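Only one structure is covered here, and it is reproduced in the block below.
Computed from a predicted model, the values in this text were never measured in an experiment. The figures that follow rest on heavy atoms only: side chains count, while hydrogens, waters and symmetry mates do not.
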Amino acid sequence: MTTCTNPVLDADWPDPDVVRVGHDYYLVASSFNRAPGLPVLHSRDLVTWEHVTNALPALPPLDHFSLPRHGGGVWAPSLRHHDGTFYLTYPDPDHGIYVLTATDARGPWSAPHLLLPGRGIIDPCPLWDDDGRTYLVHGWAKSRSGVKNRLTLVEVDAGLRSVVGPSSTIVDGDVIPGCSTLEGPKMHRRDGWYWIFAPGGGVATGWQYAFRSRDVCGPYEHRIVLEQGPSDVNGPHQGAWVEAADGTDWFVHFQDRGPYGRVVHLQPMVWQADGWPRIGATTDDEAHAGNPVRTHTVPGGAASAGGAEVADRPDQAPLAPSATPGGTGPAVERAASEPSRDDDFRATTLAPRWHWQANPAEHWARLDGDGVVRLSIEPVDRGSLREVPAVLGQQLPGTPHTATTSLLLAVGLPGGPGVSSTPDHRAGLVVLGTAYAWIGIEVSDGVTHLVCRESVDPDEAGDAGPAERDIHAPVLLDHHLETDASVALGLRSSTAADGEVTFSWRLGQGPWQEAEQTFTAREGRWIGAELGLFACGPVGPPALDASGSSARATFGPFTVTLAL
């Protein structure tokens, strides 16, 4: 049998939810301020995933999200399939609960409809009941509403277009000993019970509850069904129960890995003799929570679909911090199971893997299918790249890796000589989180330098201090450009397991030269760090090239090589 190793998605796919339709699995995740948002992934085995689309081209309200709104936007979504239609519900903690629909998960998706307006209403999940009624369960964000640690139920119409009944609290976490930050509910019906799977305890340190009741309105009894235990998987919770095509049960959840964001694990799940589920490695004590496993068989590849045999497989023992993952039979390679990150820019539209820090304008990226992407030099730079909307990014892989691209400097174009009024600007490759560092070019008063800089903590810089500081002495490039019609400046970032980033550069096919200092990647606001490409100039009139057109920075193919 084929085995795989957790995490099955070793990058930032927060708050995953999964639905199976036939032999196809679809996963959605939170995207926060990223646009396009609501990534949709497809798999045939819950292990190997392809990023097929983004359901939300731009975040509403459009004007509000024209600027980076770090920590806002799309929080934990749910994905359901009912009567031939996919329903994607997501919360915006500042605006309310939105609904999108599609007949094909790959799209097109409808425009978002505001089902339940309000601040602090988060983590919705619908349930179509056997009697024809439809419900929505959701949590609360104290930062917006002053309320948290409770789950609320409201009746809605079957099309999720309007609320048709009053809301009520069906689970109050404050009356459960030790319960905190109860949120992210996913609701199901099974064997005459209403089931709610919901996390508690917080993003980095939490655990997974299961609640059940014979009545949709409660009262609900509860049990912790997954917790860290002796494993090294912190906070294993918030995700999706899914029944595989072979009849086995599985649970998809996240683990917070700091700068790498919330990576996705897949755990075996069994229904025990007492009627309760247990997730991960099991013990003889049925009432005890399961613990995460590192290796397991790929769904559909087990010798039997029976729950007991799934639970008893030797490769599903909990992994202690000092243990080495292992399994029997062939293994799924990590590079093959992850969605593609490379881009040769031979298409004329951006691949789903790319997103911006805010709602994009159509002119930000130009792709002619010739192997490069031309980014508009947007006049929005106030000193910090965190506030630049037009950073073209993708998730920082959780595996040690090297990301490589090139930045073309040509005579008569921004970044090269031959233009009497070459506009001031900068462009490059960035590792972006609450702190960031970048390598690239800076053009100032017609002079071009290679620079490598990191952000300065605002508390350290003060109101008048610089937003960035050099981690490599600037290198004058003009003398190289005077003798060549164009020069490809190679840019590279190499990230180690501990998040330490080493930047490198080279001219043409010359030797790579490392920056003098390294940088430690840091997570963003509720998201992991990102790899990004950018081009921007000072606030003011837009930069123009020699022909009077919008000035652009030209980036060559983008590759990410995992160190497996």
Would you please classify the geometry between the Trp364 ring and the Trp356 ring as parallel, tilted or perpendicular, with 30° and 60° separating the classes?
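Perpendicular, since the angle between the ring planes exceeds 60°.
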Relative to the ring of Trp505, is the ring of His472 parallel (under 30°), tilted (30 to 60°) or perpendicular (over 60°)?
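His472 and Trp505: perpendicular rings.
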Calculate, to the nearest 0.5 Å, the distance between atoms [atom1] and [atom2] belonging to [X] and [Y] respectively.
X      : Y      : atom1 : atom2 : answer
Ile441 : Arg426 : CD1   : CZ    : 11.5 Å
Leu226 : Asn291 : CG    : CG    : 7.5 Å
Arg492 : Arg506 : CZ    : CZ    : 7.5 Å

Listing request: all side chain to side chain donor-acceptor pair (under 3.5 Å) pairs with a residue in residues 365-376, at least two apart in sequence or in separate chains.
Arg366-Asp368, Asp368-Arg374, Asp370-Arg374, Ser376-Glu378
I'd like to know if the side chain of [X] and the backbone of [Y] have a donor-acceptor N/O pair within less than 3.5 Å.
X      : Y      : value
Arg262 : Trp526 : yes
Asn6   : Leu266 : yes
Thr181 : Gly201 : no

Compile the donor-acceptor pairs under 3.5 Å between side chains in residues 54-79 and protein atoms, sequence neighbours left out, one pair per line.
from, atom 1, to, atom 2, distance (Å)
Asn54, OD1, His51, NE2, 3.0
Asn54, ND2, Pro352, O, 3.1
Ser66, OG, Asp63, O, 2.7
Arg69, NE, His64, O, 2.6
Arg69, NH2, His64, O, 3.1
His70, NE2, Arg386, O, 2.8
Trp75, NE1, Gly71, O, 2.9
Ser78, OG, Thr89, OG1, 2.6
Ser78, OG, Pro124, O, 3.1

Within-4.5 Å side-chain heavy-atom neighbours: His237 and Phe254
yes
Can you tell me if Thr402 and Ser494 form a side-chain donor-acceptor pair at under 3.5 Å?
yes
Does a sphere of radius 6.0 Å around CZ in Arg382 hold more than 12 heavy atoms from other residues, nucleotides or ligands, not counting ones at 6.0 Å or beyond?
no
